Amino acid sequence: MREFDLLQPKTLNDALEALAQNNATIRPLGGGTDMLVDLRARRVQPDTLVALQGVNELRGVTRANGHLHVGASTTIAEILKNPLFAPFNALRQAASVFANPMIRNSATIAGNIGSASPAGDMLPPLLALNAQIELVSRNETRVMPLSEFFLGPRKTAKRADELISSIQLLVTSNQSPVSNPQSSAFYKLGLRQADAISLVSVAVWLERDGEKIRDVRIALGAVAPRPMRATRAEEILRGQIFSETNLKESARIASTECSPISDLRASADYRRRMIAVYVRRMIEQAWQHF
Amino acid sequence: MNYQILGNNYQRKDGIGKVTGSETYTSDVILPRMWHARVLRSPYAHARIISIDQTAAKALGAVVLTYADVPHLKYNERIVSIPPHLFRDRTVLADKARHVGEAVAAVAAPTEQLAEKALRALKIEWEILPHYTDPADAQSENAEPIHDAVLLNGEMKPIENNVAVARTVNVGNVDEGFEHADFIFEREYLTSRIYHAQMETKSCVCDPASDGSITVYPTTQSIHNTRQLLGEIFNIPLHKVNVKRVAIGGTFGSSIQMNSIIPICVALALKAKHPVKLVSTREEDMYDHVRYQTKLKLKIGVTRDGKITAGHIQALADVGGHNIQAYALLSVLAGWSASLYKFPHLRFEGKAVYTNKTPSCAMQGFGNPQATFAMESLTDEIAHELELDPIEFKLKNYVGLGGTFWGQGPSVQSIIRSDGVPQLLHDGAQKIGWRARPKAGTQTGRYRHGIGMARGFHTSGAGAPKPGEVIDYSGAFIKINEDGTVDVVHAMMDHGGGTLEAIAKIVAEELGVPIENVGISPADTLTTVYDVVTHATRGVYAGGGAAHKAALKVKQQIFEYASRVLELQADSLVIEPDYELRQGVIYCPNFPERRITLGALAKQLQINSWGTMAAVESLRQVNCPPAFVTYFIDLTVDTETGHVTTNRAVIGSDCGTVVNPAMAIGQLEGGLSKGVGYALVEDNQWDAQTGQLTSKGFWIDGKTPAISEAPFNENIITHFSDTYEPSGPFGAKGIGEAATNPCAAAYANALYNALGIRFTELPITAEKILRALNAEENREARVEMREMEAMAVMQAAE
């Protein structure tokens, strides 16, 4: 591990100032669960790390204007504990199988997004839930759909002078008479059932209208250079009656939409097959959850 | 048998220290003036070192070692093979790297940080050589030699075609045997190279003194063999080498004797003239040892009524960069494969080949999980083909009570004098519901259910009636303290399985004192007599046997002194624990009113200046009895994903008298846990291009199964046979390695029962299962297509 400077700003302004003044070898540090591994493996060699644990503006989960604002420093463990996350089943399921309890206590939501691993556990559920991401720098604040944020493996739309400040999720309630019932589900397939990197992961979100699927989003992890939406698979289901035939066809399409690689964990072929199996199972699970 | 102590569960003597974290492991040892070491490991699989620039590292104040600075004596870290069979091919630091992760230089500095900096400052110029990850390539005609020659019995033995060693064994005439066969079965089985995955990484602290002596705190399974090797390598007389026993965080064979980091740490301490601590990182540790990968080709001839007529076994073992015990491995592969069956004619041909990979080493079972996977799979298959119940077929060809048992191969034979196999098979079959198991290959649908069984064993120790190729004896020193408590001074290591607890119990049982009164003394090589090593499932049988022998001697002294005090014949006395007095009490059953506690007796001895009751004994056990284990596995396969769920495991053990019941059950459960990883999950693969582990040594992809995948406790059913081993202490034999050996075969046989498909390659991953299912479906579809075509042709003809 090579030596670096560690900055510990107490305010968001100080953090952004540091980022604005430095060059490209400065990196934000959230929970550190990816960063420390990358440092030791020399995958990243920053001159300066900006630790964000002390920045209060990045903390907290609040509900306002029909949205849930999730502070960047929110830990994975808090997603499991905080009742405000109850409507987002897929997110909760992903948090529950995220690494191990020690890592969950430290790792942050923004850290998982910022690392932009194709296999990042929280990314498919956030995509399926149509999350928005807020980025701040000294000069501007911008909000974009998370689906536009990921550019490739470990590549994102975030500039070096920017920080992820929050994630926003649209809150709806099954009790609300004005909106249709919604449901989501997530599954991660690893080489074992705990503390493993996903071979594939699948998140789905459904909006129901009687016997019909009014709207649907399907997101896949670890089967493309970045977490992806299976939009063609969604088209098969959107506005249609929930049926075994549609389900199978959608799952089949999803497995052709992705572009997995073969590596030490699994072959591309196995990954495709598992996408077909788990897209079907997750839609069934989300449907049963209504 | 009725025992006072054996067979009861007590709190472990080291239990509180371990669960509260106050136990001292090597990494906890901190000495005044202590420095820290880091090791430079090769990034290349096969490369010669041209030069090492140490200037910058030395400028930082570090002590630096390279090949030029260390003794050049070739050693083998495991010295239980007798000198004519001990292949020595490595030095403290390597002159050339023979695998990624090989130690080629080392530094020590006052802080870990500085040591790491100094390590990074070393500049090495390499000459990269061709490397081989496949034994077939390594043997090719023009292959670059990995070793030119190795040291064997004081002479350099040239190595040709990278073949480390080869062995052939012949019994009878196999050709004749196969002529008598009605059917001949031939199959090839391939097993994986897996990492030991012990909790504690290999570590060492060395404290050099001004008189030239050293005190060493290592992770090792044998303090005495570590001492002898250090003395030899560094030319220090043994009375100046003290190796301390420190608690060890599991080994599974990974610390078989003197870890390769131990002499590096010693060399650094001698040069720095400071105590030095060296703790391996997990990534370094994963490049240090793996289980032997073996390819086993089995050919078995049988008669129509299910009698084996001949067997031919061909074994190819991948040694990796250094030969730790390949010669012994080839012997035991023959033994493990053949022992449970009567082979009128047998031929074994084994070859062990160097490759540029992490050195292979014994790992829980030492070749036995590999051999048992192959043998128990093929015998299951033969039984099915002959339409016999596999249990019936196995018993029909079983050696059985009174038979000669090969055990560790032709040179380590014993006679079966205790045999729980028929009872274990009978009880296990009942508990799992063997007769109600599905008929293989008949199921359809998403979930398929299967039950499979396999037998296995491990010999308790390696000490056969005839002197063999392996050193095997233990020693113990026992003394009675002046309050009637007992000190047991024994050099054996306890890897966590409870070996030392068992030794304390055996002593307490024989001396008739409460278990609380028996203490296991801290041990080091200055104050203990020789024990070879805790390996080969020998702890209770051999280590406990030596303690029992010493206890018998001490007991004799107790009765002699007590007869003087009580004025009764020594032969008429007994000693029993009295739990109210918390003492052993000596009395004569005919005159029970005349009695004395052991404490009072010992005090009387002191007052009278009669001396101390104590004895030291060495023992070589001479039967190495097989500890048998049976596995019945009940599982479900999800045919959409290939995922396997273990519903129930029924594990039977014949360990003779059960000394530590709770810990024996723990051994069986642990054996299952390690076995499932081997059967279904673990696979350390090497990148042929770079010679690196594809996981790069990162734990995240070197997985063992998670606890959440283990069956719940109530679904792991363990049972024991009612056996008594006449040669063992109180009828006890071993359990540790036997506990895991049949596991992979039982899974493979259960998968056959569920799916009708035979798996011959480990691990049987979900992906492999799915691939096999698809191949099977395609095959069935093709058969159906051909039938339909044939039908169409016939119809057209009509």
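Chain A is the first sequence line, chain B the second, and so forth, proteins listed ahead of strands; every chain is numbered from 1. Bear in mind that the values here come from a model prediction, so they are computed numbers and not experimental data.
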Structural part of [X] lying under 4.5 Å from a heavy atom of chain A:
{"X": "B:Lys696", "result": "neither"}
{"X": "B:Glu640", "result": "both"}
{"X": "B:Asn684", "result": "neither"}

* Test A:Glu249 against A:Arg252 for salt bridge (Lys or Arg N to Asp or Glu O under 4.0 Å), laying out the working first. => CA-CA 5 Å; A:Glu249 181 58 7; A:Arg252 189 187 67 78; 2.9 Å; yes

* Could you tell me which residues in residues 103-115 of chain A have at least one non-hydrogen atom under 4.5 Å from a non-hydrogen atom of chain B, sorted by residue number? => none

In residues 228-235 of chain A, what donor-acceptor pairs under 3.5 Å come from side-chain atoms, sequence neighbours left out?
unit_1: A:Arg229; atom_1: NE; unit_2: A:Glu234; atom_2: OE2; d: 2.6
unit_1: A:Arg229; atom_1: NH2; unit_2: A:Glu234; atom_2: OE1; d: 3.1
unit_1: A:Glu234; atom_1: OE1; unit_2: A:Arg238; atom_2: NH2; d: 3.1
unit_1: A:Glu234; atom_1: OE2; unit_2: A:Ile218; atom_2: N; d: 2.6
unit_1: A:Glu235; atom_1: OE2; unit_2: A:Arg238; atom_2: NH1; d: 2.6

* To do: Specify whether A:Trp287 and A:Phe242 have parallel, tilted or perpendicular ring planes, treating 30° as the upper limit for parallel and 60° as the lower limit for perpendicular.
  => parallel

* Structure fact -> When the 4.5 angstrom heavy-atom criterion is applied to A:Arg280 and chain B, the contacting part is side chain

No-hydrogen, no-angle side-chain donor-acceptor test under 3.5 Å, [X] and [Y]:
{"X": "B:Asn647", "Y": "B:His449", "result": "no"}
{"X": "B:Gln689", "Y": "B:Asp687", "result": "no"}
{"X": "B:Tyr195", "Y": "B:Asp288", "result": "no"}
{"X": "A:Ser267", "Y": "B:Glu767", "result": "yes"}

* Asked: Do A:Arg40 and B:Glu283 sit within salt-bridge range, that is, some charged N less than 4.0 Å from a carboxylate O?
  -> yes

* Given the options B:Val681, B:Thr704, B:Thr765, B:Ile707, which has more heavy-atom pairs under 4.5 Å with chain A than any of the others? -> B:Thr704

